[in-house]
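Just so you know, ligand 1 is whichever comes first in the structure, and atom 1 is the first atom listed for that ligand. The first residue in the sequence is number 1, and the count goes up from there.
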Amino acid sequence: MEATPAANVVTTTVSDHIALVTISNPPVNALSTAVRRGLQRAIEETSADPAVHAVVICGAGSNFIAGADIREFGLPPQAPSLPEVGALIEACPKLVIAAIHGAALGGGLEVALSAHYRLATDTARLGLPEVALGLLPGAGGTQRTPRLIGAQAALDLMLTGRHASAREALRLGLIDHLATSDDIAAEGIAYARSLLSDGSPVRRSSAQTDALADRAAQQAAIDAARADVQKKRGLFSPGKIVDCVQAALDLPFEQGLATERELFTQCLESPQRAGLIHAFLAEREVAKAPETRAARPRPFQHVGVIGGGTMGAGIAVALLDAGLTVTMIERDEAALTLGRSRVAKVYDGLIQKARMTEDGKAAVLSRFHGSTTYDALAHADIVIEAVFEDMAVKKAVFAELDRVCRAGAVLATNTSYLDVNEIAASVSRPGDVVGLHFFSPANIMKLLEIVVPAQVSADVVATGFELARRLKKVPVRAGVCDGFIGNRILAVYRQAADFMMEDGASPYEIDQMARAFGYPMGPYEVSDLAGGDIGWATRKRRAATRDPRARYVPIADRLCERGWFGQKTGRGWYLYANGARTGQPDPEVEAIVAEERAKAGVTPRRFTQDELQRRYLAAMVNEGAKVVAEGIALRPLDVDVAMVHGYGFPRHRGGPMKWADIVGLPTILADIRAFAQEDPLFWAPAPLLVQLVASGQSFDSLNRA
Ligand code: T1G
């Protein structure tokens, strides 16, 4: 999109004493330096213009203002700052009205709160989501919002980052008036006229006191929020937000503003800001693949799902939730009934939580069909196969699809590691075959690996991305290799964990390290949740091709041989007494670990948590670099998005490649070279990593290539 010349990002038209100030900075009217300068000029000029009695600020396009320009963070600040623009707007001697449609988020809402009156269209969304970027509202939001709506409501908006509807905003007191049409400029001008004719005074948010009057109640809300924040694993900015609202209660406005500025700067300098903004931008960048630029998706409404197991049923629910029509195919009626019940169970759960009605369920399931014959898919636009992970079984399914599906139908496999090229080559239309690798539970997990085989046509890949958009999934383009991006990297850092376990660390220490780093679970807890038998099958499958020189730790096999697969068998690495979802360390597991160490001739040693973390992450980053170098992932950011959305990598660290950039690639490479002293095969440094260090570049430099 052609950038709007700086001169035109803010325009002012005056008619009949009302100045209409319009911000036009596509795609979301972010408050770039040019917009801030434009707003400053507009307010200065209209303040000084005797013909102007009131000023209406609105946004062109589909939004008011989506906040500060995220891409400017980390760059040298340019004047005026947003707090200065806010102060100018608030100090304006003429009535200033913010006319809101679409998004008024972050700095965008702060601009509106600096105005004297606010109206919004019915579909507008208002919020202060800075916490999602590791920041806090840094343009007066933490001081003006509590003064308008009280500490509790303000903290709720700032700590959740959620978007409030216009009606809720009116109820809260964030806005004063609901527009009756979507013509926001006209609505704004009409509202300004009515305020002028009512003789409404200039009303500065910074001077409002009512909402904070009941000091005890406000303090209670702040204390409750502080207690809540302490539960949030290692996040930096939430605590600062609470400190700011405390300042809003305790201090005069200007001093509160100074506190906000100081704490905002601390958040800006925190690595979490870099990680979270990277995650925000990266999950939008991943949707831009060569195929989505080169081709348009094929239209689709009817999707077939082969298999009604856990994955098939989850995929069906995701498709139904996106408003698509679904036909599930199973080998016989009994299996089909099971598949149907798995789908229905999800909606029954929503009804129990009062998040759906029986009518709602019936309406969704009216788009859900089942059959035991493939002919039911003759008119399907897309078919997703989710059957047992066996090449012969997959090929048999695709042979049927090749027989019945209409020309132009997209044939997709949900395999998590099998060779998609081989599956494609087994049908008469390999150009229509693509991998769509969902993650369990498929109706919940955001990640969708779009696996691109050699013969696929660009519009089929583009259709995969469009499907992801419709399912509100985060798509990551992946090349064909064993495990694609995510599972391939998982296998390697899991090996690193097993090596540390055999060398002396307990599986519980390793899980503790991962949780301390920000993961919701450690690798052994994840194995127990997913089922140790899945990894066991992978290890057995790979045994034939494993490099005989490669180190192999059989401890996990010992547990699986005992049938200790995890939660589903009541024990795995942990004990799950009486169906508990949280496991207890198991002394028998530690005994097996000690026994296997002895067999391997290993004298166990102590590991610090720091060393555990360095090895775990170095293995992840090193394999990530190989995946990028081989073109399995387009860019390092694709690895980051896959690991954040599919493998629990802590979002505030941005992803393994971003984390490595923040730590410094020379440090990571030095670690890998040190670890390679013990095991040169496993710890062979990725040539891409060596090259980037040698040229002083970062992984991020490849994201921009
Ligand atoms: N700055 C720069 N670019 C932005 C942006 C922003 N604030 N918001 C969105 N974009 C880009 C985005 O990268 C994408 O680019 C395109 O716009 C469309 O976005 C001082 C510190 C507004 C609800 O956190 O939540 O203000 O990929 O795909 O689904 O206190 O974007 O096309 O090149 O998401 O319709 C606070 C972030 C900033 C809001 C629209 N604001 N944005 O959703 O489109 S911090 C936010 C959103 C701040 C002050 C502080 C959403 C949206 P590209 P999209 P969408």
List the closest protein heavy-atom neighbour of atom 5 (C) of ligand 1: residue, atom name, distance to the nearest 0.1 Å.
V28 CG2, 3.7 Å
Just to verify, what does D459 make a side chain to side chain contact (heavy atoms under 4.5 Å, CB included) with, not counting sequence neighbours?
A295, R298, S457
Looking at atom 13 (O) of ligand 1, what's its closest protein heavy atom, distance included?
R71 NH2, 3.1 Å
Give the residue and atom name of whichever protein heavy atom lies nearest to atom 14 (C) of ligand 1, and the separation in Å to one decimal.
R284 CD, 4.1 Å
So CZ of F439 and CD1 of I444: to nearest 0.5 Å the spacing works out to 15.0 Å
Once rounded to the nearest 0.5 Å, what's the spacing between atom CG of D250 and atom CG of L212?
10.0 Å
Do D156 side-chain atoms and Q152 backbone N/O form a donor-acceptor pair below 3.5 Å?
no
ring-ring contact (aromatic ring centres under 6.0 Å, His included) contacts touching residues 131-187 (sequence neighbours left out):
H177-Y191
Within 4.0 Å of atom 29 (O) of ligand 1 (strictly less), any protein heavy atom?
no
Indicate yes or no: does an N/O atom of H163 lie under 3.5 Å from an N/O atom of ligand 1?
no
In plain terms, say whether D176 and R203 are close enough for a salt bridge, that is, a side-chain N and a carboxylate O under 4.0 Å apart.
yes
Taking 4.0 angstrom as the limit and counting only heavy atoms of G107, give me the atoms of ligand 1 inside it, by number and element.
26 (O), 30 (O), 48 (C), 49 (C)
Donor-acceptor pair between S237 and E130 side chains, under 3.5 angstrom:
no
Do any heavy atoms of G141 fall under 4.0 Å from ligand 1?
no
Where is the nearest protein heavy atom to atom 7 (N) of ligand 1: which residue, which atom, and how far?
A68 O, 2.9 Å
Numbered atoms of ligand 1 (with element) below 4.0 Å of F264, judged on heavy atoms
21 (C)
Heavy-atom distance from atom 35 (O) of ligand 1 to the protein below 4.0 Å?
no
Would you kindly say whether E260 and T142 are connected by a side-chain donor-acceptor distance under 3.5 Å?
yes
Do any non-hydrogen protein atoms sit less than 4.0 Å from atom 55 (P) of ligand 1?
no
Spatial distance of atom CG (L88) from atom OG (S47) [nearest 0.5 Å]
6.5 Å
Can you tell me which residue and heavy atom of the protein come closest to atom 16 (C) of ligand 1, and the distance to 0.1 Å?
P27 CG, 3.5 Å
Heavy-atom nearest neighbour in the protein, as seen from atom 49 (C) of ligand 1, with distance rounded to 0.1 Å:
E110 OE1, 3.2 Å
Tell me, do R470 and L324 make a side-chain contact under 4.5 Å, heavy atoms counted?
yes
Ligand 1 atoms in contact with D69 (distance to a heavy atom under 4.0 Å)
1 (N), 2 (C)
At less than 4.0 angstrom from any non-hydrogen atom of P137, what atoms of ligand 1 do you find?
30 (O)
Check each atom of ligand 1 against the heavy atoms of E130 and keep those under 4.0 Å away; list them by number with element.
21 (C), 26 (O), 30 (O), 45 (S), 48 (C), 49 (C), 50 (C)
Nearest neighbour in protein (non-hydrogen) for atom 38 (C) of ligand 1
L133 CD1, 3.7 Å
Atom 46 (C) of ligand 1: which of P26, A66, G67 has the nearest heavy atom?
A66
Taking the six-membered ring of F253, is NZ or CZ of R147 closer than 6.0 Å to its centre and within 45° of its axis?
no
Contact summary for P650 and G518, nearest pair of heavy atoms
CB-O, 3.6 Å
Looking at ligand 1, does any of its N/O atoms fall within less than 3.5 Å of an N/O of L281?
no
When you measure from atom 52 (C) of ligand 1 to the protein, is at least one non-hydrogen atom found at a distance under 4.0 Å?
no
Quick one: do E291 and R477 satisfy salt bridge (charged side-chain N to carboxylate O under 4.0 Å, His left out)? Show the steps, please.
CA-CA 10 Å; E291 294 84 1; R477 184 190 186 284; 2.7 Å; yes
Tell me the closest heavy-atom pair linking L155 and I222, and the distance in Å.
CD1-CA, 3.9 Å
R125, K288, R469, E285: member with heavy atom nearest to atom 33 (O) of ligand 1:
K288
Nearest protein heavy atom with distance in Å, relative to atom 42 (N) of ligand 1:
F280 CZ, 3.4 Å
Might you check, step by step, whether the distance between atom 44 (O) of ligand 1 and some protein heavy atom is under 4.0 Å?
no
Distance-minimising heavy-atom pair for A98 and F64
CB-CZ, 4.1 Å
Could an N or O of ligand 1 be found under 3.5 Å from any N or O of F73, whether backbone or side chain?
no
Backbone or side-chain N or O of L105 under 3.5 Å from ligand 1 N or O
no
